[in-house]
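Worksheet: one structure, shown below.
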Amino acid sequence: MSEHEHNPFPDEGNTGHIWDDNLRELANPAPNWWMMAFYASIAFVIGYGLIYPMIPLTDSYTKGLTGWTAIGEYKAATSEVEAVRKPYEDKIAKMSAKEILADAELSAYVEASGKVIFGDNCAACHGTGGSGNPGFPVLADDDWLYGGSIEQIQTTITNGRQGMMPKMGGQQLTDAEIDKLANAIYNGTVTKEPLFTSKGCMGCHGPDGKGMAALGSANLTDGIWRFSEPDQLASIKYTIKHGVNDGSDPETRKPKMPSFKDKLSEQDIKKMAVYVYKFGGGK
Ligand code: HEC
Ligand code: HEC
């Protein structure tokens, strides 16, 4: 028995699908606005496919009439940036770090463009803006282990640095002597402490206790701490007892500034020297 023979509403244009006596599906056309949107979206897809890359093929894709690609747009934008940078980079290549520093325009350029290189290579250890981290020296002050001239900073970055101080605990110094020296250093009076001379500290830290740039030996008189810790007196005792990079003591401090000779171009190292100098502490 076909549904149509039992259609109780034969003239209203329903589809003939009827449930529960009178619930039925009508065959009305979709509203005009809906059909227009439907055709417009088809037109859009065709138009889009004509202009832009669209359909993936086995090992290629439909390229579109304009040849536009996202990577092409990106490359065009970066080559614009490079074109702006090129005259500066060309000049920098021919100049020493010191000459760059003396040129207001170029050093402003390095200050602006060096941020990314510093962020990628240095900030993890030295903090954003060279503000330092526990165990890693502040680069933004004028207290230097290895000297703050532009040439010294450049040498530090190129070759790396690793301060050496022999452990003094055990045979060299008794605990009482370590206490005496540590307190004198903590109070800024180390040069008046006879042990400073008799135990050879001054050989590296200098007769005035201010350190020597060639060795990276810290200034022991200025109250700025290379190994800054909440209990500073204990930190000083620890350094004296275990030394720095002394391979014979497993508890020695192990600071190491890596060499960037193979990691950064000479150009970028030059820029970093200027960039660090311009944190304000260069001298
Ligand atoms: C893995 C950690 C680390 C990274 C990365 C690092 N440094 Fe260092 N840097 C150190 C340590 C540790 C010292 C101190 C070395 C010492 O005590 O002998 C130091 C010292 C320095 C000094 C000497 C500071 C002074 O007082 O004389 C400069 C300048 C410096 N770093 C610049 C940089 C720059 C610029 C970068 C990035 C290109 C960088 N560092 C990346 C760990 C790092
Ligand atoms: C062979 C050279 C050498 C001798 C000898 C030496 N030091 Fe040092 N000392 C260093 C160096 C280098 C550093 C810094 C290491 C670094 O930061 O990489 C240092 C760091 C220190 C520090 C850490 C300072 C801070 O700011 O945290 C103290 C404290 C110290 N020395 C005390 C002494 C005392 C006391 C003596 C003598 C008993 C002595 N040193 C002998 C080379 C030496």
Side-chain angles (χ1 to χ4, degrees), residues 122-149 152-153 155-157 159-259 276 279-283:
C122 323
C125 289
H126 290 289
T128 316
S131 55
N133 270 321
F136 300 101
V138 176
L139 301 180
D141 63 8
D142 59 0
D143 182 70
W144 298 94
L145 292 162
Y146 298 95
S149 76
Q152 285 165 317
I153 296 174
T155 305
T156 296
I157 303 169
N159 299 328
R161 300 282 194 186
Q162 201 166 5
M164 301 282 183
M165 166 167 156
K167 64 162 182 158
M168 299 289 181
Q171 285 161 9
Q172 281 82 6
L173 295 175
T174 65
D175 281 354
E177 286 171 329
I178 291 179
D179 269 5
K180 254 193 197 168
L181 275 165
N183 275 292
I185 291 168
Y186 187 70
N187 295 323
T189 57
V190 71
T191 49
K192 299 200 188 83
E193 170 53 57
L195 291 168
F196 182 69
T197 312
S198 66
K199 294 296 179 178
C201 313
M202 66 168 265
C204 287
H205 289 281
D208 58 1
K210 291 194 161 67
M212 299 183 189
L215 300 173
S217 49
N219 184 338
L220 301 180
T221 65
D222 61 358
I224 298 174
W225 306 111
R226 164 65 186 90
F227 301 105
S228 159
E229 282 158 30
D231 185 345
Q232 191 54 45
L233 187 58
S235 162
I236 296 170
K237 286 183 197 169
Y238 189 97
T239 306
I240 301 174
K241 195 165 180 186
H242 300 289
V244 179
N245 288 313
D246 181 338
S248 73
D249 186 336
E251 288 176 75
T252 194
R253 296 190 184 277
K254 294 183 185 118
K256 180 173 187 214
M257 162 71 190
S259 155
V276 166
F279 281 146
K283 58 187 173 184

Can you give me every donor-acceptor pair (side chain of residues 135-145, partner residue at least two apart or in another chain, under 3.5 Å) with its distance?
| residue | atom | partner | partner atom | Å |
| --- | --- | --- | --- | --- |
| Asp141 | OD1 | Asp143 | N | 3.3 |
| Trp144 | NE1 | Gly281 | O | 2.9 |

Partner set under side chain to side chain donor-acceptor pair (under 3.5 Å) for [X], not counting sequence neighbours:
X      : value
Ser217 : none
Glu193 : none
Asn159 : Lys261
Thr252 : none

Measure from the side-chain N and O atoms of Asn219 to the backbone N and O of Gly211, and report whether any donor-acceptor pair falls under 3.5 Å.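 Judged by distance alone, no pair lies under 3.5 Å.
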
Under the 3.5 angstrom rule, does the side chain of Ser235 hit a backbone N or O of Asp231 as a donor-acceptor pair? no

With rounding to the nearest 0.5 angstrom, report the [atom1] to [atom2] distance, [X] to [Y].
X      : Y      : atom1 : atom2 : answer
Ile178 : Ile236 : CD1   : CD1   : 12.5 Å
Thr221 : Asn187 : OG1   : CG    : 13.0 Å
Thr239 : Met168 : OG1   : CE    : 11.5 Å

Any ring-ring contact (aromatic ring centres under 6.0 Å, His included) involving residues 222-258? Give me the pairs, sequence neighbours left out, ordered by first then second residue.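 Non-adjacent pairs meeting ring-ring contact (aromatic ring centres under 6.0 Å, His included): Tyr238-His242.
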
Under the ring-ring contact (aromatic ring centres under 6.0 Å, His included) rule, what pairs show up with a residue in residues 161-213, not counting sequence neighbours? none

Could you name each residue pair satisfying side-chain hydrogen bond (donor to acceptor under 3.5 Å, both in side chains) that touches residues 160-172, not counting sequence neighbours?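 Pairs touching residues 160-172 that pass the test: Thr156-Arg161, Gln162-Asn245.
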
List the residues meeting side-chain contact (heavy atoms from CB on, under 4.5 Å) with Glu177, not counting sequence neighbours, and say none if there are none.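 Glu177 satisfies side-chain contact (heavy atoms from CB on, under 4.5 Å) with Leu173, Thr174, Leu195, Lys199 once adjacent residues are dropped.
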
Contact list for residues 200-226, test salt bridge (Lys or Arg N to Asp or Glu O under 4.0 Å), sequence neighbours left out: none

What pairs of residues pass the salt bridge (Lys or Arg N to Asp or Glu O under 4.0 Å) test when at least one of them lies in residues 237-257, not counting sequence neighbours?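 Only Asp179-Lys237, Glu229-Arg253 qualify under salt bridge (Lys or Arg N to Asp or Glu O under 4.0 Å).
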
Any idea which heavy atoms bring Gln152 and Ala213 closest together, and the distance?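 Looking at all heavy atoms of both residues, the shortest contact is NE2-CB, 3.8 Å.
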
